[in-house]
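Count residues from 1 along the sequence. Only heavy atoms go into these numbers, but all of them, side chains included; no hydrogens, no water, no symmetry mates. Both counts, for ligands and for their atoms, begin at 1 and track the order of listing.
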Amino acid sequence: MAGEKFILGIESSCDETAVAVVSSRRRILADIILSQIAEHAPYGGVVPEIAARSHIEHLGGLIGAAMAEADMPLAGLDAIAATAGPGLLGGVLVGLVAAKGLALGTGRPLLAINHLEGHALSARLLDDIAFPYLLLLVSGGHCQLLIVEGVGQYRLLGSTLDDAVGEAFDKVAKMLGLGYPGGPAVEEAARTGNGTRFALPRPLLSRRGCDFSFSGLKTAVARLIERDFAGRPTTADRHDIAAAFEAAVGDVVVEKLRRACAIFRRDWPRVASPALVMAGGVAANKTLRQRVGQLAQEEDFSLSIPPIRLCTDNGAMIAWAGAERLALGGHSDLGVAARARWPLAELEPPPGL
Ligand code: KG4
Ligand code: ZN
């Protein structure tokens, strides 16, 4: 077995500045996440300019702190990985340029990582999950169903045609006056709500395939608040609306997931007990976890949900994706560009695959 390799991972594509040191033997030596939530909260969402400035202010210090936590000099690293997209371009540039500087300074290879690949492979950092597996990625920026066939080999089964599911949670929270970030607030409100009092639409449910749409659901919530409550629902009403919204999201996700399981079974009939990985910030939602868990049981998939710290944006998943690529002989050119848009389907496997 090759010697243990150490990879630095930098994540700065949205509102977390995160740095981690991870080893090829799945040890997490440092994992620091600085959330900018408080800086964006007054605006009710992430402000790209503020995010980029904040990454610049904090990244250098966090890299130093991560190396101290890992108790290792920069020369102890074997590669430098950073998110190169997709995401808010200003933030991505900050992390990627820092990684290029470190790669130049240390003489170690640079690994420009697709943020979604980071989420897709994160489950393998903790669990023995073999390719291929089914991935449900539900975050503030993404909502996708994929078959992860290998490093750099992703087959997209479906994605959202408009809003990401976390974005819908955030917008509904805003409409209900529940604050930002909205997901946890909607979940808390829904806990004591009656999800059957209001009938909300289940977008795209009757349409074939695994694509999602959440913007109609969000509009339906807005209309309900205006029409039935003149924009001023009581606390109890708000809880019922939140519960109805969560129920609608759950119904849609579960049905699309059922179809994805069927496609997986059809195309990979010899995989005896495939894994279903759920990742992204919305994987924190307990109702959704429970419903997805039940579906996995019915479909005979083994459900794996990374701990929440690894589900939401973090540096460890970027370092780990770097470790996976490094092991296959991958490295990036120092001229690699940051990309605001970078679909997983455009990725290529590293040369050793
Ligand atoms: O993965 P993440 O940290 O960042 C992105 O890459 O987008 O996901 C953040 C999203 C936010 O939209 C947030 O509202 C949502 O995940 N979220 C939740 C919950 N916790 C976070 N949504 C529903 N229920 C939750 N408990
Ligand atoms: Zn993310």
Side-chain angles (χ1 to χ4, degrees), residues 9-18 20 33-37 40-41 44-46 48 51 82-88 91-92 95 113-123 135-144 146 159-160 163-176 178-191 193 195 212 214-215 217-218 221 242-243 245-250 252-253 277-292 305-318 320-321 340-344:
I10 298 175
E11 158 59 35
S12 60
S13 65
C14 193
D15 60 345
E16 271 95 22
T17 319
I33 303 172
L34 185 70
S35 169
Q36 303 173 358
I37 282 180
H40 300 287
V46 179
T83 298
L88 300 172
V92 175
I113 301 297
N114 180 300
H115 177 87
L116 301 174
E117 178 166 71
H119 280 302
L121 299 177
S122 61
L135 172 75
L136 170 67
L137 176 57
V138 277
S139 75
H142 308 283
C143 183
Q144 305 191 339
L146 303 146
S159 63
T160 181
D163 294 348
V165 60
E167 195 179 350
F169 267 95
D170 292 336
K171 287 178 179 166
V172 165
K174 203 169 177 177
M175 290 176 214
L176 293 173
L178 296 173
Y180 169 85
V186 170
E187 172 164 24
E188 177 55 28
R191 212 168 44 83
F212 301 91
F214 293 105
S215 109
L217 179 55
K218 172 195 72 189
V221 170
F245 169 76
E246 214 177 53
V249 169
V252 172
V253 169
V277 175
M278 183 174 171
V282 183
N285 187 284
K286 289 181 211 70
T287 310
L288 203 59
R289 285 166 90 104
Q290 196 197 351
R291 295 195 61 177
V292 168
I305 307 178
I308 279 312
R309 193 176 164 83
L310 253 187
C311 265
T312 55
D313 289 351
N314 65 86
M317 71 178 188
I318 301 304
W320 175 251
R341 208 187 144 271
W342 187 7
L344 268 183

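Nearest non-hydrogen protein atom to atom 24 (N) of ligand 1 is Asn285 ND2, 3.0 Å. Closest to atom 3 (O) of ligand 1 among all protein heavy atoms lies Thr312 CB, 3.3 Å. Looking only at protein heavy atoms, the nearest one to atom 11 (C) of ligand 1 is Asp170 OD2, 3.6 Å. In terms of protein heavy-atom proximity, atom 4 (O) of ligand 1 is closest to Asp313 OD2, 3.6 Å. For atom 17 (N) of ligand 1, the closest heavy atom belonging to the protein is Gly281 O, 3.6 Å. With hydrogens left out, the protein atom closest to atom 15 (C) of ligand 1 is Val282 CG2, 3.9 Å, a heavy atom. In terms of protein heavy-atom proximity, atom 22 (N) of ligand 1 is nearest to Gly183 CA, 3.3 Å.
We find the CD1-CE distance between Ile305 and Met278 to be 5.0 Å, quoted to the nearest 0.5 Å. Taken to the nearest 0.5 Å, the NE2 atom of His142 stands 8.5 Å off from the CG atom of Leu344. One finds the CG atom of Asp15 at 7.5 Å from the CG atom of Asp313 (value rounded to the nearest 0.5 Å).
When distances from the Zn ion (ligand 2) to the N, O or S atoms of Asp313 are compared, OD1 comes out shortest.
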For the pair Phe169 and Phe214, evaluate ring pair (Phe, Tyr, Trp, His ring centres under 6.0 Å) and give the outcome as yes or no after the intermediate values. CA-CA 10 Å; Phe169 267 95; Phe214 293 105; 8.6 Å; no
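Using a cutoff of 4.0 Å between basic side-chain nitrogens and carboxylate oxygens, Glu167 and Lys171 are scored as salt-bridged.
The Zn ion (ligand 2) has no N, O or S atom of Cys14 under 2.8 Å away, backbone or side chain. Counting backbone and side-chain atoms alike, His142 contributes no N/O/S atom closer than 2.8 Å to the Zn ion (ligand 2).
The only option from Val138, Leu136, Leu137, Leu288 that meets the side chain to side chain contact (heavy atoms under 4.5 Å, CB included) definition with Val165 turns out to be Val138.
If you number the atoms of ligand 1 from 1 as listed, the ones under 4.0 Å from a heavy atom of Glu187 come out as 24 (N), 25 (C), 26 (N). The atoms of ligand 1 that sit less than 4.0 Å from any heavy atom of Gly141 are 7 (O).
Looking at Gly166 next to ligand 1, an N or O pair under 3.5 Å apart turns up. An N or O contact shorter than 3.5 Å links Gly140 to ligand 1 by distance.
By the 4.5 Å heavy-atom criterion applied to side chains, Leu116 and Trp342 are not counted as neighbours. Proximity of Gln36 to Thr17: side-chain heavy atoms (C-beta onward) are separated by under 4.5 Å at one or more points.
Not a single heavy atom of Cys14 sits under 4.0 Å from any atom of ligand 1.
The shortest heavy-atom contact between Ala51 and Cys14 is CB-O, 3.8 Å.
With the Zn ion (ligand 2) as the vertex, atom NE2 of His119 and atom NE2 of His115 span an angle of 90° (nearest 10 degrees).
Between the side chain of Ser12 and the backbone N or O of Gly91, at least one donor-acceptor pair lies under 3.5 Å.
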